[in-house]
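Notes for the one structure printed next.
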Number of protein chains: 2
Amino acid sequence: MARPRTFDEKTALMAAARTFRRHGFADTTTEQLCTAVGVGRGSLYNAFTSKDELFIRAIEAYLQALSEVEHEVLGDPARTGAERLQGLLDLVLEEEENAARDGHAAGCISVATLMSPDLRSRDERIGKLVEEDRSRRHEAVKHAARIGQADGSVTRDDAPDGIAWFVSGLISGIRVNAQAGAPIKVLRRTAATGLRALRP
Amino acid sequence: MARPRTFDEKTALMAAARTFRRHGFADTTTEQLCTAVGVGRGSLYNAFTSKDELFIRAIEAYLQALSEVEHEVLGDPARTGAERLQGLLDLVLEEEENAARDGHAAGCISVATLMSPDLRSRDERIGKLVEEDRSRRHEAVKHAARIGQADGSVTRDDAPDGIAWFVSGLISGIRVNAQAGAPIKVLRRTAATGLRALRP
DNA sequence: TTCGTTCTGTACTTCCGAATACAAAATATG
DNA sequence: CATATTTTGTATTCGGAAGTACAGAACGAA
């Protein structure tokens, strides 16, 4: 009934997310987004209203995709609690390894967005999205920690909530270290050291 | 012999640094800088050439001030290695506590700058400054770790270099968690858990 | 084939913020 | 007190990036 799109929306959002992740919101021009998505200005604005709107939809898509993969690992009944936490760290390490192969660090919308108050105040949905993502992951890790304490694979020196915060921090730390140029091998050891603190 | 400045340069730089830390480079306008420093546009440009130049000098001043305080703790011969590392973490926690009292997280130029590749590519001095700061801290922590391994207060499960990366990551993680809204109490526990991994 | 509808690309407008120009002000020195 | 010199504040310019307008293109349906 009308002219069809020459691009897939989901693919476009993921491409946009990649660009935003690497350059940050303010330092990404709409032109960069056009080339990244492989589409003209007109199409971009036709499909996604504005840069702000595109950003919101892009991080939404990205965070959801990420969350699904993580959920699979953290909720895997075949693993002990400790193995689930280890699995989560492995996902992060794998992502950084892939990114490193392309010559850059993975970047992380959560960290970058959290670190920019102005970005959050730009549109309340942004802060909300990131906060929901964080909170969902927090609960998932907390649950895995409880499982681990029950099956004896995780220390009881900390409450599950404390463990969840620690794991989040550990992941953020690894991401920042990756940006600082730490080689994969070092990132792996950092993860191992961190997890060691959670052994019973 | 000429009209004197109405402001102190060092104070101005620290005020600018504070502003940049909270909003990030791209999201800080020169007007914000003027009000933060308490000076007109003309004066600002007269004293510091451009926004870029001001940014560079501001982070330079800030990182140096920070580094001096940290050096005192990490090099304190009265402390064991573990106590020095604990002291470093205490500095970070203290900074976050003060910031929290003002209703915001401390922010961290290192993390923010590392997380923004475009910012670094803007002027090579920026990346260099942050990298030098990181590297200096890295060496200082590594040294403290060695001391700790020698005096028996720090584990030998990891090499000093690995410990240094871990501690940097731990600090970054704490800063990110602070931005995410974690209360001081949680940050403290995260630090404690991390340091537990370094016990012999 | 023709029409209605949506997509695409380009040229244009608009706006915001960095940077500059310049006149007035403030001091030290002779 | 006069002059040289630097600072200060304001008005203005300038550039770049976001967003818009619009004409043409690509389909499906009648």
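Per chain, numbering begins at 1; letters A, B, ... match sequence-line order.
- Distance, R5(B) CZ to dT6(D) C1': 9 Å, rounded to whole Å.
- Between R188(A) and E96(A) no salt bridge is recorded (no basic side-chain N to carboxylate O distance below 4.0 Å).
- Defined by atom type and a distance below 3.5 Å, a donor-acceptor pair is present between the side-chain atoms of T30(B) and R41(B).
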Evaluate D90(A) against Q86(A) for side-chain hydrogen bond (donor to acceptor under 3.5 Å, both in side chains), listing each step before the verdict. CA-CA 6 Å; D90(A) 284 343; Q86(A) 173 74 58; 3.2 Å; yes
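- In terms of phosphate contacts, T30(B) brings no side-chain nitrogen or oxygen within less than 4.0 Å of OP1 or OP2 of dG17(C).
- Applying side chain to side chain contact (heavy atoms under 4.5 Å, CB included) to I163(B) and the options Q149(B), R156(B), R146(B) leaves one that passes, Q149(B).
- K10(A) and D8(A) are not joined by a salt bridge, as no carboxylate oxygen comes within less than 4.0 angstrom of a charged side-chain nitrogen.
- Residues from residues 45-58 of chain A placing a heavy atom under 4.0 Å of any atom in DNA chain C, listed by number, are N46(A).
- In this structure, a donor-acceptor pair under 3.5 Å is present between the side chains of S153(B) and D151(B).
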Quick one: what's the B/S/- string for nucleotides 10-16 of chain C, heavy-atom cutoff under 4.0 Å, read 5' to 3'? BB-----
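- Salt bridge status for E139(B) with K142(B): present, with a side-chain N to carboxylate O gap under 4.0 Å.
- Side-chain N/O atoms of T6(A) include none lying less than 4.0 angstrom from OP1 or OP2 on dC7(C).
- Distance E9(B) CD to dT7(D) C1': 13 Å, rounded to the nearest Å.
- Distances from the side chain of P4(B) to the nucleotides dT7(D), dT27(C), dG9(C) place dT27(C) closest.
- A straight line from CZ of F25(A) to C1' of dA17(D) spans 12 Å, rounded to a whole angstrom.
- The distance between atom CD of E31(B) and atom P of dA19(C), rounded to the nearest whole Å, is 14 Å.
- Taking every heavy atom of both residues into account, Q32(B) and T35(B) meet most closely at O-OG1, 2.9 Å.
- Between E60(A) and K128(A) there is no salt bridge, since no side-chain N of the basic residue sits under 4.0 Å from a carboxylate O of the acidic one.
- Interface remark: the R3(A) side chain does not form any donor-acceptor pair with the dT6(C) base, using a distance-only criterion of under 3.5 Å.
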